[in-house]
Amino acid sequence: LEGFAKMCAAYGAQEVLAITTAAVRDASNGMEFINRAHARTGIHLTVISGMEEARLIYLGVSGGLAYSPKPRLFVDIGGGSTELIAGDSPTHYSLDSLKVGCVRLTNLFFGDDAGPIPPQRYATVREYIRNEAVHAFQRLRPFAVTEAVGSSGTIQSLFEIASMMENG
């Protein structure tokens with residue numbers, strides 16, 4: 001954040017909009033973090049809801065795609081949450097933010113473990129995700145989604161893993 005603040009100052013930014021998502025939204029010391037960040041950088045951080053996060057993801061990602069009148073599923077897997085959005089190019093129909101992020105799942109189920117995941121723990125993680133996502137999936141059911149679009153570093157990593165597996 002200090003580097004970001006210096007960069008904004010170097011470019012003469014008149015206004016800086018900085019938002020926080022699930023990591024700060026769900027942290028027990030989120031306000032302490034926001035206050036300390038402001039004291040050190042002068043940047044005002046704004047905590048946004050999961051729904052606002054989903055809406056902003058939709059706007060950012062859909063705006064970079066070719067126009068489509070058909071519903072797409074937008075998926076963004078972050079550290080603390082996963083956003084699922086159904087929408088076509090003109091508008092979104094469904095916004096969801098699930099407390100299922102890669103860092104959250106690691107902290108809840110894996111800690112510092114390395115190596116293969118025991119089948120029982122894998123089943124427990126799957127059940128947790130299924131329970132967290134069931135209502136979002138029910139809301140997505142009415143839309144005839146023909147295309148899924150992923151955004152985030154996690155999606156990029158999954159793509160790279162799949163590519164390596166496919167190419168041997």
Side-chain angles (χ1 to χ4, degrees), residues 15-31 33-34 44-111 113 116-167:
E15 183 179 10
V16 176
L17 176 64
I19 62 171
T20 65
T21 58
V24 175
R25 184 170 59 233
D26 297 339
S28 61
N29 64 345
M31 281 310 298
F33 172 79
I34 289 170
H44 294 278
L45 297 173
T46 301
V47 180
I48 61 170
S49 70
M51 292 303 163
E52 178 64 0
E53 184 177 358
R55 188 184 76 82
L56 292 173
I57 289 165
Y58 161 77
L59 290 172
V61 176
S62 68
L65 299 174
Y67 180 88
S68 174
K70 296 180 181 179
R72 293 172 165 139
L73 173 63
F74 298 87
V75 180
D76 186 284
I77 303 170
S81 64
T82 293
E83 281 64 44
L84 300 174
I85 304 104
D88 54 24
S89 291
T91 191
H92 60 78
Y93 308 118
S94 175
L95 300 171
D96 274 292
S97 180
L98 313 175
K99 290 189 176 189
V100 178
C102 59
V103 174
R104 184 185 305 266
L105 292 176
T106 297
N107 290 340
L108 284 173
F109 297 103
F110 303 109
D113 294 353
I117 300 166
Q120 181 56 40
R121 187 167 329 153
Y122 181 72
T124 302
V125 174
R126 284 181 55 154
E127 183 177 340
Y128 174 86
I129 294 169
R130 187 175 292 123
N131 289 339
E132 288 292 318
V134 66
H135 295 297
F137 290 157
Q138 289 170 348
R139 283 187 286 276
L140 291 170
R141 188 171 286 145
F143 308 108
V145 172
T146 58
E147 181 181 7
V149 180
S151 60
S152 76
T154 302
I155 294 288
Q156 180 66 35
S157 295
L158 291 171
F159 171 77
E160 290 170 7
I161 291 167
S163 294
M164 286 188 294
M165 291 176 71
E166 186 176 289
N167 297 327

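Predicted, not measured: the structure shown is a model, and the values here were computed from it.
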Between Ser81 and Glu83: side-chain donor-acceptor atoms closer than 3.5 Å: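 Checked: Ser81/Glu83 side chains pair up, N/O donor to acceptor below 3.5 Å.
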Test item: side-chain donor near acceptor, Ser97 and Glu53, under 3.5 Å: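 Note: Ser97 and Glu53 side chains miss the donor-acceptor criterion.
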Got a donor-acceptor contact below 3.5 angstrom from the [X] side chain to the [Y] backbone?
X      : Y     : answer
Ser94  : Ile85 : no
Arg25  : Ile48 : yes
Ser152 : Gly78 : no
Tyr67  : Asp88 : no

Which heavy atom of [X] sits nearest a heavy atom of [Y], and at what distance?
X      : Y      : answer
Phe143 : Pro71  : CB-CB, 4.4 Å
Ile77  : Cys102 : CG2-N, 4.4 Å
Arg72  : Ala66  : NH2-O, 3.1 Å

Hey, could you give me the [atom1]/[atom2] distance between [X] and [Y], rounded to the nearest 0.5 Å?
X      : Y      : atom1 : atom2 : result
Leu65  : Ser68  : CG    : OG    : 9.0 Å
Ile34  : His44  : CD1   : NE2   : 12.0 Å
Thr124 : Gln120 : OG1   : CD    : 4.5 Å
Ile161 : Gln156 : CD1   : CD    : 10.5 Å
Ile117 : Phe110 : CD1   : CZ    : 4.0 Å
Lys99  : Arg104 : NZ    : CZ    : 6.0 Å

Less than 4.5 Å apart, any side-chain heavy atom of [X] and any of [Y]?
X      : Y      : result
Phe137 : Val134 : no
Ser151 : Phe74  : no
Glu147 : Lys70  : no
Leu84  : Leu98  : yes
Leu105 : Val100 : yes
Leu73  : Val149 : no

Heavy atoms from other residues, nucleotides or ligands near CZ of Phe159 exceed 12 (cutoff 6.0 Å):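 Result for CZ/Phe159: open.
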Glu160 CD: over 12 foreign heavy atoms closer than 6.0 Å: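 Counting other residues, nucleotides and ligands, CD of Glu160 exceeds 12 neighbours.
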Salt-bridge contact Asp96-Arg139 (side-chain N to carboxylate O under 4.0 Å):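 Between Arg139 and Asp96 there is a salt bridge, with a charged N closer than 4.0 Å to a carboxylate O.
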Residues Arg55 and Glu52 bridged, charged N to O under 4.0 Å: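 Judged by the 4.0 Å cut-off on N to carboxylate O distance, Arg55 and Glu52 do form a salt bridge.
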Side chain to side chain contact (heavy atoms under 4.5 Å, CB included) partner of Glu127, the single match among Ile129, Asn131, Val125: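 Considering Ile129, Asn131, Val125, a side chain to side chain contact (heavy atoms under 4.5 Å, CB included) with Glu127 is found only for Asn131.
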Parallel, tilted or perpendicular: rings of Tyr128 and Phe109 (30°, 60°):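 Answer is perpendicular, since the angle exceeds 60°.
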